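First up is the structure itself, then whatever we jot down about it.
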Amino acid sequence: MHSDAEWRQRLTPAQYAVLRQQATERPWSSPLNKEHRQGTFACAGCALPLFSSSTKFESGTGWPSFFAPLEGAVETQVDRSHWMTRTEVHCARCGGHLGHVFPDGPPPTGLRYCINGVALDFVAA
C-alpha cells in the first residue's frame with residue numbers, strides 16, 4: 001500500500017513502531033482505554049473501521065479490548081516471537097499490526113482482542 005518511507009511520513013513514531021514493526025505500547029498508556037462513547041475504532045494506518053464500541057469491554061489488561069472485530073476487518077496469523085505462541089491481529093487492508101487475540105474474553109465469543117490504542121483512531125457515532 002505504501003513504501004516504508006511513506007509509512008514513516010504518514011504515522012507518528014509510536015504508530016509506526018506498533019503498526020509497521022509489531023511493537024507494543026506500554027499498558028495503561030492509551031487514552032482509548034477510557035473511551036466509552038458510541039462509535040467505531042478504525043485503523044490509524046488506513047482508516048478501515050475495525051471494531052464497534054458495542055464490542056469493547058474492560059479487560060483489566062491495560063489495552064483497549066474487544067470481544068469481536070467488524071466482519072472482514074482483521075486478519076490473524078501465528079506469532080512465535082518472545083518464546084511463546086500467540087495469535088497476532090492485523091488490519092485486513094493495510095496489514096498493520098494491531099495486537100493479539102486470546103481465548104479468555106467474555107461471551108458471546110469468548111475472545112479478547114487486545115489491541116494497541118496507538119494503532120486505533122476513534123470515530124464517534
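Model, not experiment: these values are computed from the prediction.
- In the displayed structure, E6 atom CD is contacted under 6.0 Å by more than 12 heavy atoms of other residues, nucleotides or ligands.
- The structure places CD of Q9 at 8.5 Å from OG of S3, a figure rounded to the nearest 0.5 Å.
- Considering CZ of F102 and OG1 of T87, their distance stands at 8.0 Å, rounded to 0.5 Å.
- Nearest heavy-atom pair, P64 versus L32, reported as atom, atom and distance to 0.1 Å: CG-CB, 4.0 Å.
- In this structure, NE2 on H90 lies 11.5 Å from CG on L50, to the nearest 0.5 angstrom.
- The main-chain N or O of A42 is never found under 3.5 Å from a side-chain atom of T40 such that the two would form a donor-acceptor pair.
- Applying the side chain to side chain contact (heavy atoms under 4.5 Å, CB included) criterion to A17, with sequence neighbours excluded, gives Q21, A23.
- For D121 against C43, the heavy-atom pair with the smallest separation is OD2-O, 4.2 Å.
- At least one side-chain heavy atom of T85 sits under 4.5 Å from a side-chain heavy atom of R80.
- For S59, the side-chain hydrogen bond (donor to acceptor under 3.5 Å, both in side chains) partners are T61, S65, not counting sequence neighbours.
- The OG1 atom of T55 sits 8.0 Å away from the CZ atom of F41 when rounded to the nearest 0.5 Å.
- R86 and E88 are not joined by a salt bridge, as no carboxylate oxygen comes within less than 4.0 angstrom of a charged side-chain nitrogen.
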Starting from the C-alpha separation in whole Å, work towards a yes-or-no answer on side-chain contact (heavy atoms from CB on, under 4.5 Å) for W7 and L19. CA-CA 9 Å; W7 280 121; L19 287 164; 6.0 Å; no
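- Closest of all the heavy-atom pairs between A47 and R93 is C-NH2, 3.6 Å.
- The 12-atom threshold is exceeded at CD of Q77, counting heavy atoms of other residues, nucleotides or ligands nearer than 6.0 Å.
- Here the side chain of N33 pairs a donor or acceptor atom with the backbone of G62 at under 3.5 angstrom.
- Note: H97 and H100 have perpendicular aromatic rings, judged against thresholds of 30 and 60 degrees for the angle between ring planes.
- Contact check for V74 versus F66: no side-chain heavy atoms found under the 4.5 Å cut-off.
- From R10, atom CZ reaches atom SG of C46 across 8.5 Å, with rounding to the nearest 0.5 Å.
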Can you give the donor-acceptor pairs under 3.5 Å from side chains of residues 103-119 to other protein atoms, not counting sequence neighbours?
residue : atom : partner : partner atom : Å
D104    : OD1  : R112    : NE           : 2.8
D104    : OD1  : R112    : NH2          : 3.4
D104    : OD2  : R112    : NH2          : 3.0
T109    : OG1  : F67     : O            : 2.6
T109    : OG1  : L111    : N            : 3.1
N116    : OD1  : E25     : N            : 2.9
N116    : ND2  : L98     : O            : 3.0

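- We find the CZ-CZ distance between R8 and R20 to be 11.0 Å, quoted to the nearest 0.5 Å.
- By the criterion of side-chain heavy atoms lying less than 4.5 angstrom apart, applied directly or through intervening Ile, Leu, Val, Met, Phe, Trp or Tyr residues, L120 is grouped together with F122 in one hydrophobic cluster.
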